[in-house]
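Taking it in order: structure first as structure tokens, then the write-up.
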Amino acid sequence: MEHHHKPGLRVRLRITAARRRAWLSAGLRSTCRKPPRRDPSDSVHKVARREIGGGHRRPPRPAAPSSSSFSCPEKFRNFQLQEEYDTYDDEVHFLVQLPFLWTRTKIIEIVAAKDVIFALAQSGLCAAFNRTTNKRICYLNISPDEVIRSLFYNKNNESLITVSVYESDRFSSLKCRTTPIEYIRRGQLNDGFPLFETESLKYPGFVEFDDVNGKVLTFSAQDSTYKVFDLKNYNFLYSICDKNIQEIKISPGIMLVIYQKTNCHVPLTILSIEDGTPLKTFSQLLHRNRKVDFIEQFNEKLLVKQDKENLQIIDVRNSDLIEVNKTEFMTPSAFIFLYENNLFLTFCNRTVAAWNFRGELVTSFEDHELWHPNCNTNNIYITADQDLIISYCKVSKQATDCADSEAGEVSSMGSINMSNIFTGKCVAKISPSDPTLTIASRKRGDKSRSTIHSTVSEALEDITALFYDEDRNEIYTGNSKGLVHVWSN
């Protein structure tokens with residue numbers, strides 16, 4: 001059976017040569033991986049209709065509880081630890097020349113596509129595993145001095161894009177390479193080819209992959225030029241050159257261009273993502289002496305938040321304004337926009353909340369305290385229907401007290417929680433306090449199974465990356481020891 005990859009959560013992946021940016025660093029945000037079912041040019045039409053007058057507005061899709069099977073607890077019933085893959089072994093020393101690549105470090109990113117699991121370690125070493133044979137296929141570092149910074153699965157052509165830096169240029173610029181999954185499965189890494197070779201991607205330059213619109217955005221700091229490429233075939237589409245641009249944010253069908261802030265306002269322009277045509281130009285008033293926490297665009301809604309000020313939600317078509325009191329809406333460390341359900345998630349102090357664009361809190365999540373204070377798209381997952389969030393969480397106090405009384409010490413283990421986005425209820429959990437959670441039994445003579453050295457409790461310690469394969473109904477986790485574990489029923 002062929003498995004079709006569903007991006008699920010991450011549609012924007014912006015990488016700089018110096019470091020991977022946090023979601024909201026300098027106002028940056030990540031958005032939902034799931035491409036919208038509607039035509040993404042709908043946003044362009046909305047703005048265009050406003051500019052020429054008239055036009056019917058379709059009511060927003062109601063945020064009703066989903067009937068998706070992904071919300072069903074039975075989907076995750078009897079999950080067990082099935083496999084364990086090790087990113088590191090003695091073979092590493094023969095493939096790479098940089099000593100820090102030999103050092104065992106935590107897994108920071110997991111991507112799965114076409115029965116291949118990719119695990120990227122913080123050191124920059126990336127390994128590929130075959131989920132059918134449960135063997136390591138290869139390392140993706142094709143050059144001895146290559147440090148891989150991030151991965152992106154391009155479902156348009158079923159290939160993996162690696163974004164790397166190299167010692168040969170002092171790790172100063174990004175290099176992109178695409179390799180078909182089928183070639184990786186055969187270990188034919190040299191049959192891939194480089195991308196965007198004409199671009200100078202030295203820091204603070206970047207490359208950003210946008211799965212919703214099927215575009216790639218690059219920025220060359222050398223000449224202050226943004227370029228847009230087609231993600232399907234990597235053809236160049238158009239460029240934007242303006243030294244006054246502070247930031248560009250991408251939404252379905254459109255781009256929001258944010259210019260340098262003046263004393264009391266910031267100039268903004270909305271462009272068509274397809275050809276860069278300006279759709280609307282306007283200015284947003286700001287408080288003179290307050291720093292801007294973020295400016296975000298979601299279809300026709302503009303979200304503006306300044307330090308110690310209320311959140312403003314502005315309709316760019318008619319300038320209607322909704323304010324959310326600063327005591328109710330704290331500046332989050334991260335956003336996820338849920339395009340299917342017209343909602344957005346905020347992450348703040350290990351808590352998750354869902355809001356609508358009327359400024360109303362829709363969902364507060366129960367029993368979903370995130371383990372890591374700085375959550376990112378690599379250690380949570382949202383299903384394709386955007387009805388379920390899967391995260392590595394702290395164990396509830398009751399379970400912790402029970403575990404502590406048995407172990408005599410504070411638990412270092414977390415749980416993998418699956419919560420309904422509409423109700424906030426925890427529908428399933430992979431927990432160290434579950435007495436039925438075990439290592440899956442093996443059939444005699446089955447040589448396709450990997451050797452599991454970790455206990456279930458050890459596999460739930462310090463999980464640093466998480467990915468859910470919806471087609472196989474399997475959860476993949478990576479930990480601080482460079483190990484990858486497979487959980488399924």
Open item on the list: The test is side chain to side chain donor-acceptor pair (under 3.5 Å); show your working for Asp275 and Thr277 and say whether it passes.
Closed with: CA-CA 6 Å; Asp275 56 14; Thr277 301; 2.7 Å; yes
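- Scanning for ring-ring contact (aromatic ring centres under 6.0 Å, His included) contacts around Phe329 gives Trp355, with sequence neighbours left out.
- Although no hydrogens or angles enter the test, the distance criterion places no donor-acceptor pair under 3.5 Å between the side chain of Ser391 and the main chain of Leu370.
- Put simply, OG1 on Thr464 and CG on Asn379 are 8.0 Å apart, with the number rounded to the nearest 0.5 Å.
- A donor-acceptor pair is defined here as one N or O able to donate and one able to accept, closer than 3.5 Å; such a pair exists between the side chain of Asn378 and the backbone of Ile108.
- Here Lys155 pairs with Asp211 in a salt bridge; the nearest charged N to carboxylate O distance falls below 4.0 Å.
- Separating the CD atom in Gln306 from the CG atom in Leu286 is a distance of 4.5 Å, to the nearest 0.5 Å.
- A tilted orientation is assigned to the rings of Tyr392 and His372, their planes being inclined by 30° to 60°.
- With Phe344 as the partner, the ring pair (Phe, Tyr, Trp, His ring centres under 6.0 Å) test is satisfied by one option alone out of Tyr339, Phe357, Phe298, Phe294: Phe357.
- Under 3.5 Å, the side chains of Ser412 and Glu461 contain a donor-acceptor pair of N or O atoms.
- When all heavy atoms of Ala428 and Phe76 are compared, the closest pair comes out as CB-CB, 3.8 Å.
- For the atom pair OG (Ser143) and CD (Glu167), the distance works out to 9.5 Å, reported to the nearest 0.5 Å.
- A donor and an acceptor atom, one from each side chain of Tyr381 and Glu470, are located under 3.5 Å apart.
- Each of Lys301, Lys305, Glu323 was scored for a side-chain contact (heavy atoms from CB on, under 4.5 Å) with Ile313, with one residue passing: Lys301.
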Open item on the list: Checking Leu279 against Met255 for the side chain to side chain contact (heavy atoms under 4.5 Å, CB included) test, could you report, in this order, the C-alpha distance in whole Å, the side-chain angles of both residues, the deciding distance, and whether it holds?
Closed with: CA-CA 10 Å; Leu279 301 175; Met255 295 193 300; over 6 Å; no
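- When the ring-ring contact (aromatic ring centres under 6.0 Å, His included) test is applied to Phe282, no partner is found at least two apart in sequence or on another chain.
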Task: Check against side chain to side chain contact (heavy atoms under 4.5 Å, CB included), Glu208 and Ile248 - done: CA-CA 11 Å; Glu208 178 176 325; Ile248 290 182; over 6 Å; no
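- Atom OG1 of Thr383 sits about 6.0 Å away from atom CG of Asp385, to the nearest 0.5 Å.
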- [ ] Output, in order, the C-alpha distance, side-chain angles, deciding distance and verdict of salt bridge (Lys or Arg N to Asp or Glu O under 4.0 Å) for Lys175 and Glu197.
- [x] CA-CA 8 Å; Lys175 305 293 183 183; Glu197 290 184 283; over 6 Å; no
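- A donor-acceptor contact closer than 3.5 angstrom is absent between the side chains of Thr351 and Asn349.
- Salt-bridge annotation for Lys425 and Glu366: present, with a side-chain N of the basic residue lying under 4.0 Å from a carboxylate O of the acidic one.
- By the neighbour-count criterion of 12 heavy atoms within 6.0 Å, atom NZ of Lys308 is sparsely surrounded, having that number or fewer from other residues, nucleotides or ligands.
- Residues meeting the side chain to side chain contact (heavy atoms under 4.5 Å, CB included) test with Asn417, sequence neighbours left out: Asp367, His368, Cys393, Ser415, Cys426, Lys429.
- Contact of the Ile336 side chain with the Ile380 side chain is registered, since non-hydrogen atoms from C-beta on lie closer than 4.5 Å.
- Glu474 meets the side chain to side chain contact (heavy atoms under 4.5 Å, CB included) test with Arg131, Arg472, Tyr476, Val486, Ser488; sequence neighbours excluded.
- The ring-ring contact (aromatic ring centres under 6.0 Å, His included) test applied to Phe196 returns Phe229, not counting sequence neighbours.
- With hydrogens and angles disregarded, no donor-acceptor distance shorter than 3.5 Å links the side chain of Gln297 to the backbone of Leu256.
- Sorted by first and then second residue, the pairs that involve residues 225-238 and meet salt bridge (charged side-chain N to carboxylate O under 4.0 Å, His left out), not counting sequence neighbours, are Glu199-Lys227.
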